[in-house]
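Accompanying notes for the structure given below.
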2 protein chains.
Amino acid sequence: MHCNKDSRILPGMKPTTDPQRSLATRLQASVQARGQRWTEQRQLIADVLAASDGHATGAELVERVRAADLSATPSTVYRTLDLLEELGFASHHHGVDGRETYHLEEVLAHGHLYCQGCGAEVELDATAAKPILAAIERATGYAADLDHLSLQGRCPSCRAAAAR
Amino acid sequence: MHCNKDSRILPGMKPTTDPQRSLATRLQASVQARGQRWTEQRQLIADVLAASDGHATGAELVERVRAADLSATPSTVYRTLDLLEELGFASHHHGVDGRETYHLEEVLAHGHLYCQGCGAEVELDATAAKPILAAIERATGYAADLDHLSLQGRCPSCRAAAAR
DNA sequence: TAGTCTATCGCAATGCATTGCAATAAGGAT
DNA sequence: ATCCTTATTGCAATGCATTGCGATAGACTA
C-alpha cells in the first residue's frame with residue numbers, strides 16, 4: 001500500500017478465516033476472486049513474509065525474496081505486499097524510523113511500543129490494547145486500528161531511572 | 001534526528017521556556033551553550049519552521065528554505081532540524097505515509113489521528129489525549145510521548161457509514 | 001594579527017519506497 | 001490452436017531522507 005491519503009480501506013473487507021484451508025489457498029482464492037492472478041512470485045513473497053513471522057521491513061523482505069529468486073525486483077515485492085494488504089492478509093506500520101514493517105494478519109493484530117530511553121520495543125496484544133482503544137474512542141470517537149498503533153514513550157524502568 | 005534505534009532522548013532535556021526572550025534568542029543561547037554555532041542558515045530554517053506553524057514535511061521545509069536561500073542544501077536543513085529536535089525546540093512524527101512532519105514545540109504538544117475511511121486528519125490536544133495516555137500507562141507502564149502519538153483508525157462518520 | 005581547532009556546509013553518493021511505461025505472459029473466448 | 005484482452009513484471013527514473021568527506025569559515029588562543 002503506497003499509503004498516501006488516497007488509499008482507503010473498504011469496509012467489510014476481511015479475509016475468510018476458515019482454518020481448514022491453507023493460507024496459500026485462501027490467498028489464491030481471494031486474488032482470483034478479484035480477477036487477478038496468483039503467480040509464482042506472489043506465492044514466493046507470501047512465503048517469505050510468512051517465514052519472517054511477524055516483523056520484517058520492506059527492504060528485508062526484498063532482500064529475502066531476491067535471495068530465492070534473482071529475477072524479482074523491489075517494485076514487484078512492494079506491489080505484492082500492497083496487494084496482500086488490500087486483501088487483508090497482511091498489514092504494515094511505520095517503525096520509529098519511518099520505514100515500513102510488514103506482518104501477516106495470521107499473527108494476531110497487535111500494536112507496537114518503542115522506548116525512547118533504552119530503545120526497547122515491545123508488542124501490545126489485543127487484550128492489552130483494549131482499554132487503550134476504548135480510551136481513544138471515548139476521547140475522539142475514532143475506532144483506532146490496532147495494527148497501526150505505533151507508539152513511542154518511556155518504558156517503566158527508564159521512567160524510574162529518570163525520576164531518580 | 002535520523003531517528004534510528006541509536007537515537008536517544010536524554011532525560012531532563014527541556015528548553016527554557018522563559019516567554020520573555022524571543023525564540024531566536026533562546027535557540028541561539030541553547031546552541032551556543034553546547035559549543036555550537038548559531039548561523040544565518042540555522043536562523044533561516046528556524047524562521048521557516050516557525051512560519052510553517054505546525055506541520056510541514058521535511059521536503060516542504062527544504063523547498064521553502066531554498067526559496068529564501070538558494071545555497072541551502074537538504075542535508076543542512078535536515079541536520080538543523082535534527083539539532084532543533086535534540087535541543088527540544090522542535091519535534092517530528094511520521095505521517096501515515098511514513099514521511100516526516102515537523103513542528104515547533106511552541107505549538108502545544110499534540111497527537112495526530114488519521115481516518116482510513118475518508119482521509120480526514122484531526123489533531124489531538126493535550127487535554128483530549130490525557131485519558132488515552134493514562135490508559136496506555138495502565139496497560140503497559142509506558143509513558144507515551146504525545147508528540148509521536150500518530151494513530152490511524154476510522155472516524156465517527158465513517159464508522160456510522162460502515163455500520164449501515 | 002597570525003595561527004589553530006573544530007563546527008558547519010555543500011556535494012555527491014546511498015538506501016528505501018514508489019511510479020510510469022513498455023514488454024511479457026496468463027487466461028478466456030471463438 | 002489462435003486471437004484478444006488485461007494483469008503482471010522489469011526497468012528506469014523519481015522523491016525523500018541520510019551520511020561521509022573534503023572544503024570552508026568561525027571562534028578562540030597566544
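Just so you know, these numbers use all the heavy atoms, side chains as well, and skip hydrogens, waters and symmetry mates. What you are looking at is a predicted structure, and each value in this text was computed from that prediction instead of being measured. Per chain, numbering begins at 1; letters A, B, ... match sequence-line order.
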Tell me the interatomic distance from [X], atom [atom1], to [N], atom [atom2], rounded to whole angstroms.
| X | N | atom1 | atom2 | value |
| --- | --- | --- | --- | --- |
| E86(B) | dT8(C) | CD | P | 11 Å |
| L83(A) | dT8(D) | CG | C1' | 11 Å |
| R34(A) | dT6(D) | CZ | C1' | 15 Å |
| I45(A) | dT8(D) | CD1 | P | 12 Å |
| L81(A) | dT19(C) | CG | P | 14 Å |
| Y102(A) | dC16(C) | OH | P | 13 Å |
| E60(B) | dC16(D) | CD | P | 9 Å |
| R79(B) | dC16(D) | CZ | P | 18 Å |

>> So does A29(A) get a backbone contact from the side chain of Q32(A), meaning a donor-acceptor N/O pair under 3.5 Å?
In response: no
> So, T76(A) side chain and A72(A) main chain: donor-acceptor pair closer than 3.5 Å or not?
Replying inline: no
> Is there a side-chain contact between V122(B) and T140(A) (heavy atoms, below 4.5 Å)?
Replying inline: no
> In this structure, which one of H92(B), H94(B), H93(B) forms a ring-ring contact (aromatic ring centres under 6.0 Å, His included) with H112(B)?
Replying inline: H93(B)
Quick one: which protein N/O atoms are closer than 3.5 Å to N/O atoms of nucleotides 22-26 of chain C? Pair and distance per line, please.
{"residue": "dA26(C)", "atom": "N3", "partner": "R37(A)", "partner atom": "NH2", "Å": "3.4"}

>> Counting only side-chain heavy atoms from C-beta out, which of dA17(D), dG10(C), dT18(C) sits nearest to P74(A)?
In response: dT18(C)
Give a yes/no on whether any side-chain N or O of [X] is located under 4.0 angstrom from OP1 or OP2 of [N].
| X | N | answer |
| --- | --- | --- |
| Q41(A) | dG10(D) | yes |
| Q36(A) | dT8(D) | yes |
| T76(A) | dG10(D) | yes |
| R42(A) | dT8(D) | yes |

>> E137(A) vs R159(B), test: salt bridge (charged side-chain N to carboxylate O under 4.0 Å, His left out). Steps then yes/no.
In response: CA-CA 11 Å; E137(A) 187 186 340; R159(B) 294 176 65 194; 3.3 Å; yes
> Looking only at heavy atoms, what is the nearest atom pair of Y142(A) and G153(B), with distance?
Replying inline: CD2-C, 4.4 Å
>> So for S75(A) and dC11(D), does any side-chain atom that can act as donor or acceptor lie under 3.5 Å from a complementary atom in the base?
In response: yes
> Can you find a donor-acceptor N/O pair under 3.5 angstrom joining the side chain of R99(A) to the base of dG15(C)?
Replying inline: no
> Within the structure shown, what part of the strands sits under 4.0 Å from S71(A) by heavy-atom distance: base, sugar-phosphate, or nothing?
Replying inline: sugar-phosphate
> Step by step, would you call Q43(A) with W38(A) a side chain to side chain donor-acceptor pair (under 3.5 Å)?
Replying inline: CA-CA 7 Å; Q43(A) 178 68 57; W38(A) 191 242; 2.8 Å; yes
>> Which is more 5' along DNA chain D, the nucleotide nearest D69(A) or the one nearest Q32(B)? Just name the residue.
In response: D69(A)
